[in-house]
Amino acid sequence: MKPGTKRQSSPLYRGRFAPSPTGPLHFGSLVTALGSFLDARSQGGEWLVRMEDLDRPRERPGAADRILATLEAFGFEWDGGVICQSRRDEAYREGLERLLAGDLAYPCGCTRREIAAQGLPGAEGPRYGGTCRGGLPPGRRARAYRVRVERETITFDDRICGSCGHNLWNEVGDFVVRRADGLFAYQLAVVVDDAWQGVTDVVRGADLLLSTPRQIHLQRLLGLPTPRYAHLPLVLDAQGRKLSKQDRARPVDPANPLPTLLAALEFLCQPPPPEPPANLDEFWHWALQHWDIRRIQCPPAG
Ligand code: GLU
């Protein structure tokens with residue numbers, strides 16, 4: 001399939017799991033995989049795996065293969081081949097060019113330090129104040145590309161968290177779609193890929209709840225459909241921080257998947273099987289029969 005072309009079929013439900021290969025799967029990413037898989041399959045939907053290997057500097061060699069082997073050992077089955085974002089630059093470039101052609105994005109010469117020095121508080125670190133909005137100041141060269149945001153509040157109805165959203169102008173400012181190191185930003189890539197792959201339902205961790213209004217904004221500018229969203233509670237470590245592959249959170253053990261799957265099911269507030277399952281088939285049968293996303297509590301804000 002050529003980048004930029006749409007897949008032919010349009011199922012009622014197509015979900016996806018989109019790990020970044022920055023390390024092996026840990027319990028938190030397994031919870032996300034389980035939630036998105038059960039939600040898709042329990043509704044007769046398709047489930048895709050997309051490797052988000054866009055951020056080459058953060059990637060760990062061998063992590064992508066290890067993630068796929070672990071998913072397989074846990075009994076996950078995905079539809080079609082695994083799409084790798086590292087092969088999709090052409091599609092992201094096309095997206096950026098469309099934004100630039102419509103004057104919806106612009107080159108920015110500001111450094112991270114300069115933006116921080118402006119001291120504008122935002123939802124995820126300093127908010128961009130719009131220095132290069134009207135054109136690059138004399139003597140500055142383009143470093144990154146930013147998309148323009150509006151003063152309107154972007155809201156969406158999350159299947160777990162209810163009504164969510166924020167004002168991008170106040171919380172984020174014009175945000176980066178192509179980074180100073182030349183890599184396309186996650187926000188652009190995810191929007192281009194979700195649309196290209198015909199994803200109808202995004203079920204992912206609540207750490208991305210704040211990204212969703214940015215993604216909806218990009219979908220609107222690019223004329224792409226907005227999927228349904230459900231953000232799962234995050235698994236935290238003893239210090240209350242999100243488990244992270246980069247921080248070398250303990251990997252799940254592919255040699256002994258059942259206890260981990262049962263713990264993940266419990267974390268997602270689903271009823272445990274009355275008897276410990278004898279094998280993976282029994283686990284998946286039970287979990288698919290009893291999945292109900294409405295049992296999950298909305299993660300606390302902040
Ligand atoms: N690649 C992201 C991660 O591993 C997930 C992106 C998404 O689900 O939209 O955290």
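Quick caveat, the model's predicted, so the values are computed rather than measured. Indexing begins at 1, ligand by ligand and atom by atom, following the structure's order.
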Check your understanding: Taking it one step at a time, do F37 and W291 satisfy ring-ring contact (aromatic ring centres under 6.0 Å, His included)?
Key -> CA-CA 10 Å; F37 180 86; W291 172 255; over 10 Å; no
Review point. R16: heavy atom below 4.0 Å from ligand 1, yes or no?
Key: yes
Exercise for review: Report yes or no: does a heavy atom of Y186 sit under 4.0 Å from some atom of ligand 1?
Suggested key: yes
Does [X] pair with [Y] as a salt bridge, N-O distance under 4.0 Å?
| X | Y | value |
| --- | --- | --- |
| D194 | R50 | yes |
| R220 | E150 | no |
| R148 | D103 | yes |

Exercise for review: Below 4.0 angstrom from a heavy atom of L208, which ligand 1 atoms are there? Numbered from 1 as shown, please.
Suggested key: 5 (C), 6 (C), 7 (C), 8 (O), 9 (O)
Check your understanding: Against heavy atoms of V190, which atoms of ligand 1 measure under 4.0 Å?
Key -> 9 (O)
Check your understanding: Looking at R179, Q215, R214, which one forms a side chain to side chain donor-acceptor pair (under 3.5 Å) with Y186?
Key -> Q215
Point to revise | Derivation and outcome, side-chain contact (heavy atoms from CB on, under 4.5 Å), residues D201 and R159 | key: CA-CA 10 Å; D201 284 80; R159 290 172 59 214; 3.7 Å; yes
Considering heavy atoms of the protein only, find what lies nearest to [atom] and give residue, atom and distance to 0.1 Å.
| atom | answer |
| --- | --- |
| atom 3 (C) of ligand 1 | S20 OG, 3.5 Å |
| atom 6 (C) of ligand 1 | E52 OE1, 3.2 Å |
| atom 5 (C) of ligand 1 | A18 O, 3.3 Å |

Exercise for review: Give yes or no for whether the N/O distance cutoff of 3.5 Å, strictly under, is met between R204 and ligand 1.
Suggested key: yes
